[in-house]
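Remember, predicted model here, so these are calculated numbers, not experimental data. Both counts, for ligands and for their atoms, begin at 1 and track the order of listing. Values below: all heavy atoms of this structure, side chains included; hydrogens, waters and symmetry mates excluded.
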Amino acid sequence: MKRFAIILTVCLLVAFPVMAMGGSESGSSAVAAEATPTLNADGSFHLPIVDEPTTFSIFLNFNNMPFDPEWAVWKEIEKKTNIRLENVISQSNSNETEAFNLMLSSGNLADVIGYVSAADLEKLGRDGGLIPLNDLIDQYAPHIKALLESDARFKQFATSTDGNIYFIPKNQTVKTCEFWWIRKDWLDKLGLEVPTTVDELYTVLTAFRNEDPNGNGIKDEIPLFDRAGWKMPDEYLYLWDSSTQFYVRDGVVEFEPMEENYKTAVTNLVKWYREGLIDPEIFTRGTKSRDILFASDLGGCTHDWVSTADYNTKLQSEVPGFELIAIAPPADQNGVVKERTERFPGVGWGISSSCKDPVTVIKFFDYLFTEEGSSYMNWGIEGESYYVGDDGEKHFFDEILNSDQTPTGYLRSIGSIYRVGMNQDGGYEFATMNEYGLAAVELYDSHPEWYDSAQPPYADGKLDIKLFPEDESQYKRIMNSIEPYVDEKLQSWILGTSSFEADYDSFIAELKKRGIDEAQQIIQRAYDAYAASSK
Ligand code: CA
């Protein structure tokens with residue numbers, strides 16, 4: 001693996017300076033693009049972007065859905081802009097990472113490149129494979145430029161530690177991410193109030209466990225579960241304001257397993273698991289947990305996305321009386337209410353040094369941030385997926401809302417809500433929510449104080465912060481040894497195969513031996529730079 005990385009770096013060094021020079025040549029279309037402004041005199045976006053149909057190559061495979069120019073939305077965009085993107089990845093590709101590494105080692109870069117990892121895209125940028133977009137945005141992308149000026153998080157995520165912008169992110173206008181969900185019908189049946197603290201949650205979950213709220217006479221309820229338990233075993237540590245990761249308090253980066261809250265959290269989790277409050281299969285049940293445990297009337301409480309509200313509709317006949325509501329995050333042992341999950345901008349796409357006409361491509365990128373481009377990316381096609389009602393608002397057709405696929409699944413099948421530089425707009429999400437989903441978003445949105453605005457981005461339960469390039473490999477080396485160890489220990493304590501109390505001191509000693517202090521210093525440096533750039 002390490003050897004491969006070295007070979008790759010050599011290839012990059014050899015191949016890219018040549019390409020970078022090739023890319024700066026002005027072909028005839030590049031001259032035409034520079035001669036035409038992005039906007040018309042009246043401020044509207046100038047379409048088509050190029051007079052002649054023009055094709056660019058693209059590398060893009062999001063969630064095993066390779067980009068397809070034949071998707072309905074992208075056919076429409078092609079008609080409007082005269083720009084078509086041909087994927088260099090085959091439609092049967094199922095390994096984005098392998099394909100990415102293959103492209104890099106071949107030295108043949110697509111004109112446009114999108115990838116799952118911001119760090120890898122930025123590394124490609126620093127190695128000369130992606131061009132800095134700062135000046136192009138300034139001159140030819142007024143919508144992106146305006147967003148960079150108005151949205152600090154978008155700007156922060158777009159900007160590499162060297163000050164360059166190598167990719168246009170996929171922005172998120174909705175902040176709320178996961179919610180605490182609880183069976184309201186079970187609470188009512190047992191005469192219980194909504195729990196507001198972690199201690200009250202313990203009482204409620206114990207009642208779910210012992211008092212047969214599903215009424216079948218069997219002690220089969222699974223009070224607390226999570227479909228992400230296999231990849232985020234630490235999600236419930238949040239209840240006691242802890243995790244298995246780095247976290248920032250008052251500007252100081254802490255590795256949470258070494259802190260006092262972690263002891264409280266793990267001690268309680270061990271007890272909850274032993275008492276049957278947590279899914280006995282939390283580590284193995286997998287992504288279908290939510291479907292299975294709600295449909296079988298066994299699950300009581302979970303922490304999950306707004307789509308969880310849909311079970312109220314889906315299970316109406318299957319589980320009579322089923323009612324699942326979002327509640328405030330239970331206050332922790334110190335009385336603090338906090339929601340750690342939050343949405344942040346994600347990766348999008350950049351322009352490679354092989355691209356002969358970056359000006360046209362940046363204009364195309366900008367188009368997706370116009371109202372029209374944004375409609376395609378969020379709502380699909382007018383008259384097919386949505387209509388504009390008498391109220392002047394967009395509405396999805398009922399067939400979309402009630403199709404077998406989720407509305408998002410449908411939109412993805414026509415090329416919308418894809419992983420490209422765009423604004424993911426809350427409107428389309430609200431339009432697909434039922435009353436329980438809307439209530440959830442309203443509750444969490446009305447409490448900005450639950451979200452820690454000083455905290456750097458979190459993704460899938462991990463601090464997602466940009467490291468200094470020179471720190472990256474050392475950090476990876478240390479954490480590749482620490483992370484599995486921490487997960488393995490936590491799992492063994494919760495499952496009861498080893499004792500937390502007996503292990504703790506040697507656990508800390510082992511973390512130090514594996515270099516946790518150096519990793520902490522690397523994150524602290526990155527955080528200090530982040531904090532300075534966010535001011
Ligand atoms: Ca039961």
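- By the 30° and 60° cut-offs, the orientation of the rings of Phe179 relative to Trp181 is perpendicular.
- Aromatic pair Phe397/Tyr386: centroids not less than 6.0 angstrom apart.
- At a cut-off of 3.0 Å, measuring from the Ca ion (ligand 1), the protein N, O or S atoms that fall short of it are Asp212 OD1, Asn214 OD1, Asn216 OD1, Ile218 O, Asp220 OD1, Glu221 OE1, Glu221 OE2, waters left aside.
- A cation-pi contact, defined as under 6.0 Å to the ring centre and within 45° of the axis, links Arg340 to Tyr247.
- Between Glu254 and Arg249 there is a salt bridge, since at least one side-chain N of the basic residue sits less than 4.0 Å from a carboxylate O of the acidic one.
- Classified by interplanar angle (parallel below 30°, tilted 30° to 60°, perpendicular above 60°), the ring pair Phe500/Trp493 is perpendicular.
- For the pair Asp241 and Lys338, the salt-bridge criterion is met [side-chain N within less than 4.0 Å of a carboxylate O].
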